[in-house]
Amino acid sequence: MEKSREKLQYNMNEIEKGFLVERKLSREDIIERYEWIKTKRSKVNSINEDRNYLTRKVYFPDTFNGLYCARYSSDGETVVTGYGSGCIQLRNGDTGELRNSLKAALETSFPVTSCCFHPINRNIIYASSACGSIFLCKMNTVEFYNFSTELDNEINAVDVNISGEYVITGGKDAGLRVYDSETGKLIKNYTKDKINLIAEDATKFHHMRIFAVKCHRIDSNIVVTGGWDAIVKVWDLRVGGGSIKAINGPYICGNAIDLRDTNILTGSWVVKNSLQIWDISSGKLIETVNPINRETTLDGEYLYVAQYFDGDPYGEHVVVGGSGIGFVEVINLKEKNVVARFKVNKAVLTIDSYKTNIVYGGMDSTINLTEYF
């Protein structure tokens with residue numbers, strides 16, 4: 001309890017260094033967020049010491065074939081969800097109640113694998129599909145368009161850089177593509193040429209499927225990717241000819257890369273030592289995070305998703321899920337402890353957080369809305 005109170009005595013310089021720079025919030029927004037979290041914690045601590053609970057479980061038809069992606073809007077009021085059936089929906093960020101369907105589920109549809117909001121035009125959503133298409137969706141008019149199509153490719157990941165200029169994709173053919181976010185014009189195509197590729201350039205490209213594309217939230221030119229070749233790559237969009245750094249080790253099989261300041265968080269689909277933090281400049285491993293209070297299981301860890309928890313301005317908490325640990329976990333990086341966990345019955349394919357709210361789901365035909373504070 002005393003430790004929680006101490007943490008609430010925040011220093012404004014530390015707050016601005018974290019939220020104001022990275023999230024580009026105003027000073028007033030930062031203070032409002034801290035006061036809001038403090039009020040929530042005080043309310044719960046007056047009842048008991050539990051600071052995590054499942055607030056809502058929303059069921060969807062089994063014919064939707066699982067929840068592949070879920071993302072909060074910048075104000076937390078909306079969650080966009082994408083399914084294995086190709087359906088894209090807008091839901092209430094607090095209750096999960098369905099608001100609109102942007103794209104209907106069809107028998108011939110491929111899974112919607114990834115989605116993200118435009119960082120500036122908050123009505124625009126980009127969604128990628130295993131059919132090779134990128135969809136542009138508009139919340140205000142409840143419409144969707146075919147933004148671009150990559151022939152003979154399955155797109156597994158899509159993100160927009162912080163300036164909102166570029167849409168970046170990665171998928172089955174191991175290529176990283178950069179599009180103009182307004183016109184859909186292909187700006188750069190980082191794809192290896194198998195015929196003309198010389199040995200010293202081979203390490204600058206992915207050689208197997210890409211499953212995660214993450215744009216830096218401060219530097220609009222930096223992108224980090226990972227996939228089946230067990231190599232995380234750092235790209236500078238100003239530089240042609242391939243990636244600028246390669247990190248060997250992380251076996252990425254989902255949206256399991258996140259960035260904070262100069263750190264790269266990775267979650268690997270491996271039996272153990274799955275959660276790691278790397279230095280983006282040197283590419284060196286900072287630490288492997290193995291929670292001391294996680295029960296040993298024969299099922300292994302096998303993470304599909306990992307991200308920094310939005311409710312922690314210090315970057316000391318992460319949220320992870322997958323097919324091995326049997327839970328969605330909130331982990332304190334500093335103390336190496338699982339501080340909250342939510343039981344799951346099937347593989348978790350997507351996680352997102354807004355302030356103290358967490359949404360997650362996967363192959364269990366449910367959208368789960370939780371809180372940790």
Side-chain angles (χ1 to χ4, degrees), residues 50-62 64-73 76-85 87-98 111-117 125 127 156-157 211-212 214 252-258 265-269 274-275 291 294 299 301-312 317-332 338-373:
D50 291 334
R51 283 162 50 178
N52 63 285
Y53 57 94
L54 183 69
T55 58
R56 190 66 60 91
K57 183 183 286 286
V58 179
Y59 294 87
F60 57 83
D62 290 342
F64 277 25
N65 301 327
L67 181 69
Y68 277 60
C69 57
R71 287 289 172 269
Y72 280 106
S73 60
E77 293 183 1
T78 304
V79 171
V80 58
T81 52
Y83 305 86
S85 63
C87 181
I88 303 173
Q89 295 181 333
L90 297 176
R91 293 180 173 271
N92 183 290
D94 291 322
T95 67
E97 180 182 358
L98 178 63
V112 174
T113 53
S114 179
C115 57
C116 62
F117 282 86
I125 302 163
N156 298 318
F211 276 98
K214 192 70 177 180
I252 306 298
C253 295
N255 188 19
I257 292 178
D258 203 5
L265 176 75
T266 61
S268 293
W269 201 77
S274 58
L275 188 65
R294 178 191 283 159
D299 295 327
E301 297 172 11
Y302 297 107
L303 299 184
Y304 278 125
V305 284
Q307 72 166 217
Y308 283 100
F309 177 50
D310 189 61
D312 178 8
H317 291 76
V318 298
V319 191
V320 303
S323 60
I325 56 178
F327 296 90
V328 166
E329 295 180 338
V330 181
I331 300 171
N332 185 310
V338 176
V339 293
R341 63 181 189 175
F342 307 93
K343 179 67 178 175
V344 296
N345 298 316
K346 294 184 180 180
V348 175
L349 304 180
T350 183
I351 283 174
D352 198 24
S353 60
Y354 171 76
K355 291 187 177 179
T356 60
N357 296 327
I358 302 169
V359 61
Y360 66 87
M363 301 311 296
D364 204 18
S365 296
T366 61
I367 302 168
N368 303 276
L369 300 166
T370 70
E371 274 199 276
Y372 171 72
F373 44 88

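Below, all heavy atoms of this structure are taken into account, side chains as well, without hydrogens, waters or symmetry copies. Predicted, not measured: the structure shown is a model, and the values here were computed from it.
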TODO: Starting at CG of Asp352, measure out to CZ of Phe309 and round the result to the nearest 0.5 Å.
DONE: 11.0 Å
Open item on the list: Looking at every heavy atom in both Tyr72 and Gly93, which two are closest together, and how far apart are they?
Closed with: CE2-O, 3.7 Å
TODO: List the steps and the verdict of side chain to side chain contact (heavy atoms under 4.5 Å, CB included) for Val330 and Ile358.
DONE: CA-CA 10 Å; Val330 181; Ile358 302 169; 3.9 Å; yes
Task: Closest non-hydrogen atom pair, Ala212 against Ala256 - done: CB-N, 4.2 Å
- [ ] Can you label the angle between the Phe64 ring and the Tyr83 ring as parallel, tilted or perpendicular, going by 30° and 60°?
- [x] perpendicular
Open item on the list: Quick one: does any side-chain atom of Asp258 pair with a main-chain N or O of Leu265 as donor and acceptor, under 3.5 Å?
Closed with: no
- [ ] Might you work through the side chain to side chain contact (heavy atoms under 4.5 Å, CB included) test for Val344 and Tyr360, ending with a clear yes or no?
- [x] CA-CA 10 Å; Val344 296; Tyr360 66 87; 3.7 Å; yes
Task: Note, Val305 side chain near Val348 side chain (heavy atom, < 4.5 Å) - done: yes
TODO: Identify the heavy atoms of Phe60 and Thr366 that sit nearest to each other, and give their distance.
DONE: CE2-N, 3.2 Å
Open item on the list: So, taking the atom named CG in Leu67 and the one named NZ in Lys346, what distance separates them when rounded to the nearest 0.5 Å?
Closed with: 13.5 Å
Open item on the list: Return the CG to OG distance between Asn65 and Ser85, rounded to the nearest 0.5 Å.
Closed with: 6.0 Å
Open item on the list: Can you give me the closest heavy-atom contact between Ala340 and Tyr372, atom names plus distance?
Closed with: CB-CD1, 3.7 Å
Task: Approximate separation, where rounding is to 0.5 Å, of Thr266 OG1 and Leu303 CG - done: 9.0 Å
Task: Verdict with supporting geometry, Val112 and Tyr68, side chain to side chain contact (heavy atoms under 4.5 Å, CB included) - done: CA-CA 7 Å; Val112 174; Tyr68 277 60; 5.8 Å; no
Open item on the list: Can you give me the closest heavy-atom contact between Cys115 and Ile125, atom names plus distance?
Closed with: CB-CG2, 4.4 Å
- [ ] Can you measure from CG (Asn368) to CZ (Arg56) and round to the nearest 0.5 angstrom?
- [x] 12.0 Å
Task: side chain to side chain contact (heavy atoms under 4.5 Å, CB included) between Gln307 and Asn255, worked out - done: CA-CA 8 Å; Gln307 72 166 217; Asn255 188 19; 5.5 Å; no
Open item on the list: Is there a side chain to side chain donor-acceptor pair (under 3.5 Å) between Asn156 and Thr113? Walk through the geometry before answering.
Closed with: CA-CA 5 Å; Asn156 298 318; Thr113 53; 5.0 Å; no
TODO: Please tell me if the side chains of Leu369 and Thr95 come closer than 4.5 Å, counting only heavy atoms from C-beta onward.
DONE: no
Task: More than 12 heavy atoms of other groups within 6.0 Å of Asp62 CG - done: no
Open item on the list: For a 4.5 angstrom cut-off between non-hydrogen side-chain atoms, does Val320 reach Ile325?
Closed with: yes
Task: From Thr81 atom OG1 to Leu90 atom CG, the distance as rounded to the nearest 0.5 Å - done: 7.5 Å
TODO: Kindly give the heavy-atom pair with the smallest separation between Ile351 and Arg71, and that separation in Å.
DONE: O-NH1, 3.1 Å
Open item on the list: Can a donor-acceptor pair be found, under 3.5 Å and without considering hydrogens, that links the side chain of Thr78 to the backbone of Ser73?
Closed with: no
Open item on the list: Does the plane of the ring in Trp269 sit parallel, tilted or perpendicular to the ring in Tyr302? Use 30° and 60° as the thresholds.
Closed with: tilted
